[in-house]
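Written below as structure tokens is the structure these notes are about.
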Amino acid sequence: MHNIVDNLILINKEISAINSDTKIIAVSKTFPIEHIQPVIDHGHLHFGENKVQEAAEKWAKVKEKNSSLKIHLIGKLQTNKVKFCLPLFDYIHSLDNIRLAEKIANEQVKKKFKPKIFIQVNIGDEDQKNGIALHELDSFYESVKNLDLDIIGFMCIPPFVDDTEVYFEKMVQLKNKTNLKDLSMGMSNDYLKAVKNSSTYVRIGSKIFGERG
Ligand SMILES: *Cc1c(COP(=O)(O)O)cnc(C)c1O
């Protein structure tokens, strides 16, 4: 059993051997700050949370003390929560409807803080999954382009299958049709495949922090 900083160091080594530009988002959801602290002290900067309220309670004060930290919202965002998101989240990975896009556009003016944004893509065309449907992606991207958002790339949570690589390959194709630079894909079980497919942000939770209770 490794400690969590060792876990991160090992993963970092594996990843940087493939692509030294890929950033690891340490997904700290459900864990209290005391559990996360060693990773912060180690100097890691990118952390992921899936709930706005939990993230606010956990990170607002910590961020005041350490302004280099980057907090990523990787879970569903309701429009009525947007006002609590800025400037808490430096990145939002879950843009998946136009109302939400408009709300973020308004809020970033009010707060004078512009988060980086991923459009979430429903890459497996699954009924139950969040994200923009594949056949709507082009038109959605065109319409949000008119807002003054800092959209940096596409994010996906692939279907729950043994081999997710075909979905990562599809994501690369979608990204290459645009001039976006970033891809948010790859989790504890498949991050190396994601990095091989030019993912720039991998979201890794249990492989660093241990199983969630
Ligand atoms: C929880 C979560 C992760 C991390 O999952 P692990 O399998 O623990 O690495 C990544 N992305 C999203 C969107 C999540 O909700």
Side-chain angles (χ1 to χ4, degrees), residues 1-15 18 22-33 35-36 38-40 44-59 70-78 81 85 88-97 100 115-126 128-132 151-165 167-168 170-171 174 182-213:
M1 187 58 192
H2 290 109
N3 80 37
I4 59 178
V5 172
D6 290 340
N7 294 341
L8 177 63
I9 291 171
L10 275 176
I11 294 167
N12 202 4
K13 261 193 200 144
E14 287 178 305
I15 288 177
I18 305 171
T22 304
K23 294 191 176 60
I24 299 172
I25 301 169
V27 176
S28 49
K29 65 187 186 195
T30 76
F31 290 105
I33 198 75
H35 189 82
I36 307 162
V39 179
I40 302 173
H44 193 72
L45 296 180
H46 292 266
F47 292 87
E49 293 284 341
N50 68 338
K51 295 200 172 108
V52 176
Q53 171 102 11
E54 179 187 341
E57 287 165 10
K58 208 187 281 185
W59 289 102
K70 304 288 181 207
I71 310 300
H72 297 247
L73 179 63
I74 60 173
K76 176 83 184 160
L77 177 54
Q78 309 289 347
K81 297 264 174 70
C85 283
L88 177 63
F89 293 109
D90 303 277
Y91 294 73
I92 294 172
H93 291 241
S94 47
L95 177 61
D96 69 353
N97 67 80
L100 179 60
K116 296 186 191 308
I117 294 177
F118 288 93
I119 295 172
Q120 184 170 351
V121 181
N122 185 355
I123 194 67
D125 263 330
E126 298 171 280
Q128 76 283 14
K129 278 263 171 79
N130 296 322
I132 302 291
I151 296 185
I152 61 169
F154 294 145
M155 174 272 208
C156 78
I157 305 172
F160 204 67
V161 296
D162 285 338
D163 193 347
T164 46
E165 190 151 18
Y167 299 105
F168 296 155
K170 264 198 203 174
M171 288 289 284
L174 294 174
D182 289 291
L183 284 172
S184 165
M185 58 186 199
M187 308 181 12
S188 287
N189 288 327
D190 55 13
Y191 60 90
L192 286 179
K193 280 179 196 155
V195 177
K196 277 183 203 137
N197 285 282
S198 70
S199 179
T200 52
Y201 290 86
V202 290
R203 311 178 307 262
I204 303 179
S206 46
K207 190 99 194 250
I208 298 171
F209 292 110
E211 292 302 324
R212 289 177 292 272

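Counting starts at 1 for both ligands and their atoms, in listed order. Treat the numbers as computed from the prediction; the structure is a model and nothing was measured.
Within the 4.0 Å heavy-atom criterion, neither part of His93 lies near ligand 1.
Of all atoms in ligand 1, listed by their number and element, those nearer than 4.0 Å to a heavy atom of Ile204 are 9 (O). Here is the list of ligand 1 atoms found below 4.0 Å of a heavy atom in Ser206: 6 (P), 7 (O), 8 (O), 9 (O). Residue Gly205 has at least one heavy-atom neighbour below 4.0 Å for each of these atoms of ligand 1: 4 (C), 6 (P), 8 (O), 9 (O). Numbered from 1 in the order shown, with element, the atoms of ligand 1 that lie under 4.0 Å from a heavy atom of Ile157 read 13 (C).
Using a 4.0 Å cut-off between a side-chain N of Lys or Arg and a carboxylate O of Asp or Glu, Glu54 and Lys51 do not qualify as a salt bridge. A salt bridge links Asp96 with Lys76: the distance from a Lys NZ or Arg NE/NH1/NH2 to an Asp or Glu carboxylate oxygen falls below 4.0 Å.
Between the Asn197 side chain and the Lys193 main chain, a donor and an acceptor come within less than 3.5 Å of each other. Using a distance-only test at 3.5 Å, with no hydrogens or angles considered, no donor-acceptor pair links the side chain of Thr22 to the main chain of Val195. In this structure, Asp190 contributes its side chain and Met187 its backbone to a donor-acceptor pair below 3.5 Å. With hydrogens and angles disregarded, no donor-acceptor distance shorter than 3.5 Å links the side chain of Arg203 to the backbone of Gly186.
Among protein heavy atoms, atom 12 (C) of ligand 1 sits closest to Ile74 CD1, 3.5 Å. Looking at atom 2 (C) of ligand 1, its nearest protein heavy atom turns out to be Lys29 NZ, 2.6 Å. Scanning the protein for heavy atoms near atom 5 (O) of ligand 1, the closest one is Met187 CE, 3.7 Å. Atom 11 (N) of ligand 1 has its closest protein heavy atom at Arg203 NE, 2.8 Å.
Considering both main-chain and side-chain atoms, Ser188 comes within under 3.5 Å of ligand 1 through a nitrogen or oxygen pair.
When the options Tyr201, Phe89, Trp59 are evaluated for a ring pair (Phe, Tyr, Trp, His ring centres under 6.0 Å) with Phe47, the one that passes is Trp59.
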